[in-house]
Visitor: 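Sharing a structure here in structure tokens format.
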Amino acid sequence: MNKKINKSDILLMVVYFIVSFSLQGREYYKNDSMLREYLIDFPVDLITICGIIFLFVFWLIPKFVKEKKYVLFAFLGILILVVLTGIQNVVGFWTGDNDWSKFPKGLDFVIEMIDRGSLQTAFPFALLLTKKFYEGQNQLLKFEKQQKENELKLLRSQIDPHFLFNNLNTLDSLIDSDTQRAKEYINRLSLIYRYLIKTKDAEVMELSEEIQLAENYMFLIKTRFGNDYDFNIEKETTINDKFIPTGAIQALLENVVKHNKPSAGVSIKTVICVEENALKVSNTKSSIIPKNESFGIGIDNLKARYKLLSDKEVIIINTDKEFTVSIPVIKLIEDN
């Protein structure tokens, strides 16, 4: 709970006391009260009620309840109620020219002050406490949202430096052997990095744009490895109004290259299938165990991002001959 008094706290109390004193003034008028009752009772009521409320909200509850000192909290709470409400009651008794012989004494005084103080402060106390509670909840939600955004940015930033290094090596060999293809390679590589820069703060992107990124990335792989890898995109449904985590397809393609090396001239076949509620990337598996070379954020990273973005999970099916990863499609506007 936020223990600081802000402008809205004061405004809330001002509005409450304006309404309360207006109603109370009406009762004073009906009882033909004296002028000094108006001039003295209302300020004293304001000071004592506010004093009780703020002592409870900003001192007693945070200090003693939080530390589980309940006995001390109860004792000090009763003491505050009796003393401040007692002052208010004495002043009210005096301004109204009441008979002091009827003024409560001893235990009766204590019980009456506790009862009266509780009744007078209950509603404004509940108002302020509820307000501070929701302010605290909003601050917590903002903190959690910011933390989630920071985690997503961290995960998005984990692009392996080998990606640029390997592409520069491929480009270096192309410049001498195939100038035209080198130009196309540079163009595709620039499109990828332009996309990465454009989407560096984006949590999700449209599926259509992610597929374009995948097509450019597949061109780089085909150029670098020749016929070692074969890619195919199947669209069984429309790709409009569908979203996936930024760079998700690229991460899955990186995973294919990382864990599968072709043997005996047999290429690794990969199919990207766009379904209504999921995107599946399936690839044949090779018997060769590749070197422990990392190419990107990986499946574990993608799983972590999905946990932050939605309640849907990444599904992995791993058989002897095929490896399939199914990632849920995110719809910002759900169908009715």
Side-chain angles (χ1 to χ4, degrees), residues 1-140:
M1 183 176 67
N2 184 4
K3 295 186 285 185
K4 293 183 179 179
I5 301 173
N6 54 45
K7 291 181 180 179
S8 60
D9 295 334
I10 297 172
L11 180 61
L12 179 67
M13 291 293 99
V14 168
V15 171
Y16 168 77
F17 282 112
I18 288 175
V19 175
S20 177
F21 288 162
S22 297
L23 296 174
Q24 192 174 341
R26 187 166 174 266
E27 293 299 317
Y28 272 51
Y29 179 77
K30 285 183 179 180
N31 296 330
D32 198 21
S33 300
M34 293 178 288
L35 180 61
R36 71 175 182 180
E37 292 184 81
Y38 289 92
L39 298 178
I40 297 176
D41 286 2
F42 288 174
V44 172
D45 288 355
L46 175 65
I47 293 170
T48 54
I49 293 173
C50 285
I52 293 171
I53 291 171
F54 285 105
L55 281 172
F56 268 84
V57 173
F58 299 106
W59 179 57
L60 276 180
I61 294 176
K63 183 173 180 61
F64 297 103
V65 174
K66 184 179 180 181
E67 296 177 4
K68 298 182 179 180
K69 298 179 179 179
Y70 301 119
V71 175
L72 191 56
F73 168 77
F75 173 76
L76 291 174
I78 291 172
L79 183 63
I80 290 170
L81 277 176
V82 171
V83 172
L84 294 184
T85 308
I87 294 172
Q88 177 191 21
N89 201 38
V90 168
V91 172
F93 221 80
W94 170 72
T95 57
D97 277 340
N98 293 292
D99 184 359
W100 286 98
S101 64
K102 296 180 180 179
F103 191 79
K105 299 177 180 63
L107 185 59
D108 290 338
F109 174 80
V110 173
I111 294 173
E112 186 172 331
M113 293 309 103
I114 294 173
D115 183 55
R116 181 173 295 189
S118 300
L119 289 174
Q120 288 178 337
T121 58
F123 188 70
F125 178 81
L127 275 178
L128 186 60
L129 200 61
T130 302
K131 177 180 177 296
K132 303 305 285 186
F133 171 77
Y134 279 106
E135 284 179 349
Q137 290 296 105
N138 288 334
Q139 287 178 352
L140 180 61

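Along the sequence shown, residues carry numbers from 1.
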Visitor: Consider side-chain contact (heavy atoms from CB on, under 4.5 Å). Of Ile52, Asp115, Leu55, Val110, which one does Leu81 pass it with?
Guide: Ile52
Visitor: Report the distance from atom CG of Asp9 to atom CD of Glu135, rounding to the nearest 0.5 Å.
Guide: 5.5 Å
Visitor: ring-ring contact (aromatic ring centres under 6.0 Å, His included), that's the test. Do Phe17 and Phe42 meet it? Break it down for me.
Guide: CA-CA 9 Å; Phe17 282 112; Phe42 288 174; over 10 Å; no
Visitor: So do Phe56 and Leu128 actually touch side chain to side chain, heavy atoms under 4.5 Å?
Guide: no
Visitor: Roughly how far, to the nearest 0.5 Å, is CG of Leu84 from CG of Asn89?
Guide: 12.5 Å
Visitor: Rounded at 0.5 Å granularity, tell me how far CG in Leu23 sits from CD1 in Ile18.
Guide: 12.0 Å
Visitor: Between Leu72 and Glu67, does a side chain to side chain contact (heavy atoms under 4.5 Å, CB included) hold up when you go through it step by step?
Guide: CA-CA 11 Å; Leu72 191 56; Glu67 296 177 4; over 6 Å; no
Visitor: For Thr85 and Val82, indicate whether the former's side chain and the latter's backbone hold a donor-acceptor pair under 3.5 Å.
Guide: no
Visitor: So, do Phe73 and Ile61 sit near enough that their side-chain heavy atoms are less than 4.5 Å apart?
Guide: yes
Visitor: Can you tell me how far the CG atom of Leu46 sits from the CE atom of Met13, to the nearest 0.5 Å?
Guide: 10.5 Å
Visitor: So, the side chain of Ser20 versus the backbone of Tyr16: is there a donor-acceptor pair under 3.5 Å, distance only?
Guide: no
Visitor: Counting only heavy atoms not in Lys102 (residues, nucleotides, ligands), do more than 12 fall under 6.0 Å from its NZ?
Guide: no
Visitor: For a 4.5 angstrom cut-off between non-hydrogen side-chain atoms, does Lys63 reach Leu76?
Guide: no
Visitor: Using the benzene-type ring in the case of Trp, are the ring centres of Phe54 and Trp59 under 6.0 Å apart?
Guide: no
Visitor: Once you round to the nearest 0.5 Å, how far does CD1 of Ile40 lie from OG1 of Thr95?
Guide: 6.5 Å
Visitor: Evaluate side chain to side chain contact (heavy atoms under 4.5 Å, CB included) for Ile49 paired with Phe125, printing each intermediate quantity in order.
Guide: CA-CA 9 Å; Ile49 293 173; Phe125 178 81; over 6 Å; no
Visitor: Using a cut-off of 6.0 Å, state whether more than 12 heavy atoms not belonging to Phe103 lie near its atom CZ.
Guide: yes
Visitor: For Lys131 and Ser8, work out which heavy atoms get closest and say how close.
Guide: NZ-OG, 2.6 Å
Visitor: Start with the C-alpha gap between Asp45 and Phe21, add the side-chain angles, then the distance that decides, and say whether side chain to side chain contact (heavy atoms under 4.5 Å, CB included) holds.
Guide: CA-CA 9 Å; Asp45 288 355; Phe21 288 162; 4.1 Å; yes
Visitor: For the residue pair Lys132 and Val57, what are the closest heavy atoms and their distance?
Guide: CG-CG1, 4.5 Å
Visitor: Test side chain to side chain contact (heavy atoms under 4.5 Å, CB included) on Val65 and Leu60 and set out the steps.
Guide: CA-CA 7 Å; Val65 174; Leu60 276 180; over 6 Å; no
Visitor: So, for Thr121 and Gly117, which heavy atoms are closest and what is the spacing to 0.1 Å?
Guide: OG1-O, 2.7 Å
Visitor: If you round to the nearest 0.5 Å, how far is OG1 of Thr130 from CG of Leu12?
Guide: 9.5 Å
